[in-house]
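Chain letters run A, B, ... following the sequence lines, proteins first and then strands; every chain starts at 1.
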2 protein chains.
Amino acid sequence: MPLDLPSDSDTATLAETFRLLGDPTRLRILFFCLEAPRSVGDIAESLQLSQSLVSHHLRLLRGARLVRGNRLAKQIFYELSDKHVSGMLADMAHHVREDD
Amino acid sequence: MPLDLPSDSDTATLAETFRLLGDPTRLRILFFCLEAPRSVGDIAESLQLSQSLVSHHLRLLRGARLVRGNRLAKQIFYELSDKHVSGMLADMAHHVREDD
DNA sequence: CAAACATATAAATACATATTCATATGTTTG
DNA sequence: CAAACATATGAATATGTATTTATATGTTTG
C-alpha cells in the first residue's frame, strides 16, 4: 500500500501536535492528566511547576484540542481530549521502556 | 491499570522524538522516506527543498536514530529506522484524514 | 457584597532552532 | 589522478518559544 503523502494541511496539523508533545514539561503534564483528570493546582504541585507555567502550557494544549477542562466548583480539571493522542501516548510510554 | 509516569529520562527521550517530528519540513521528509528509501537529492527535488536544508534535517533525524542511511554508489538512501515511530507515523497519517 | 481562592493573562527575557549561503568532504568514473 | 557528482558541515541570521514575575479575571462562600 503506497500510503500517499499527507496534504500540506494535514502535515501542518500533525506537526503542530507533535511540536506540542515535544516539550518535556508539556509531556509530563499530559502523562499526569492521562491517569485521571487533574486540577491545575494539583498538576503544579505534583510536578513541581509554577501555577503560571502550568496554565501557559495548558492554554497551548487546549488550543490544539489535546486537552479539555471541566470546572468543578473552584477548580478546573483537565483531561486528554483526543483519543488518538492519548492512545498513542500510552503506547509510546510502554514502548520507551523496552530496549529492542 | 495505573500506568505510572515515565521516568525523567524516558520523558526526555520521548520529548526529543516528538520535538523532531514537530517540524513540518522534517515530517515531510519522514513521510517521503516512509514509502521507500530515498536519496538526499531525491528528497530535495521531490519536496522542493534545498540540498543543504535536507542534509541538516537528516543529521538531526540520524542523531536521534529515527532515520538510517545506506550508501549505494554515490548516493545515500535514507529510510526510517525506528519501527515504533514508522508505525506510529503511518497510523497518524491515517487518522488525520478522518474527521471524527 | 467582600474576602479568599483558583486559574488565566501580559510583558519581558533568555535561549533554542529553522533556514540560507558558502564551502568542505568524500565517492566514483574517465 | 583529476574532474564531476552527491552529501555534509559551518557560520550567520531571523524567528520562535519556554519560563519568570507580576497582575488580572473569575468563582465561591461567609
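The CG-P distance, from A:L60 to D:dT19, rounds to 11 Å in whole Å. Between the C1' atom of D:dT28 and the CD1 atom of A:I76 lies a distance of 13 Å, rounded to the nearest Å. The interatomic distance linking B:Q75 (CD) with C:dT29 (C1') rounds to 15 Å, in whole Å. The CZ-P distance, from B:R28 to C:dA18, rounds to 15 Å in whole Å. Between the CZ atom of A:R38 and the C1' atom of C:dA6 there is a distance of 18 Å, given to the nearest Å. In this structure, the CZ atom of A:R59 is 17 Å from the P atom of D:dT20, given to the nearest Å. With rounding to whole Å, B:D23 atom CG is found 17 Å from C:dA16 atom P. Rounded to a whole Å, the CG atom of B:L58 is 16 Å from the P atom of D:dA6.
Put simply, B:R19 has no side-chain N or O that comes within less than 4.0 Å of OP1 or OP2 on C:dA16. Contact check, B:Y78 against D:dA8: a side-chain N or O comes under 4.0 Å of OP1 or OP2. Using a 4.0 Å cut-off, some side-chain N or O of B:R62 falls inside it from OP1 or OP2 of D:dA8. In this structure, B:R26 does not reach the C:dT17 phosphate: none of its side-chain N or O atoms is under 4.0 Å from OP1 or OP2.
When side chains are defined from C-beta on, B:M92 counts as touching B:M88, because their heavy atoms get closer than 4.5 Å.
In summary, of the residues considered (A:H56, A:R68, A:R26), a side-chain contact (heavy atoms from CB on, under 4.5 Å) with A:L61 occurs for A:R26 alone.
Base contact: A:S52 has a heavy atom under 4.0 Å from a base atom. Using a 4.0 Å heavy-atom cutoff across all strands shown, B:F77 reaches no nucleic acid atom at all. Contacts of B:L72 with the nucleic acid, taken as non-hydrogen atoms under 4.0 Å apart, are absent. Using a 4.0 Å heavy-atom cutoff across all strands shown, B:L49 reaches no nucleic acid atom at all. Contact annotation for B:H56: base contact, defined as any heavy-atom pair under 4.0 Å involving a base atom.
Side-chain atoms of A:S81 come within 3.5 Å of backbone N or O of A:R65 as a donor-acceptor pair.
Searching all strands for a Watson-Crick or G-U wobble partner of C:dT29 with both distances below 3.5 Å returns D:dA2. Remark: D:dT7 base-pairs with C:dA24; criterion is Watson-Crick or G-U wobble with both hydrogen-bond distances under 3.5 Å. With a 3.5 Å ceiling on both atom-pair distances, the Watson-Crick or G-U wobble partner of D:dA18 is C:dT13.
For a distance-only test at 3.5 Å, the side chain of A:Q51 qualifies as a donor-acceptor partner of the base of C:dA8.
Cation-pi geometry between A:R38 and A:Y78 is not met at under 6.0 angstrom from the ring centre and within 45 degrees of the axis.
Toward the 5' end of DNA chain D, the nearer of the two residues A:S50 and A:K74, judged by each one's closest nucleotide, is A:S50.
Considering only the side chain of B:R71, C:dG26 comes nearest among C:dG26, C:dA18, C:dT7. Considering only the side chain of A:T25, D:dT19 comes nearest among C:dT7, D:dT7, D:dT19.
Scanning both residues, B:I29 and B:L58, for their nearest heavy atoms gives CG2-CD2, 4.0 Å.
Remark: A:R97 does not engage A:D91 in a salt bridge, criterion side-chain N to carboxylate O under 4.0 Å.
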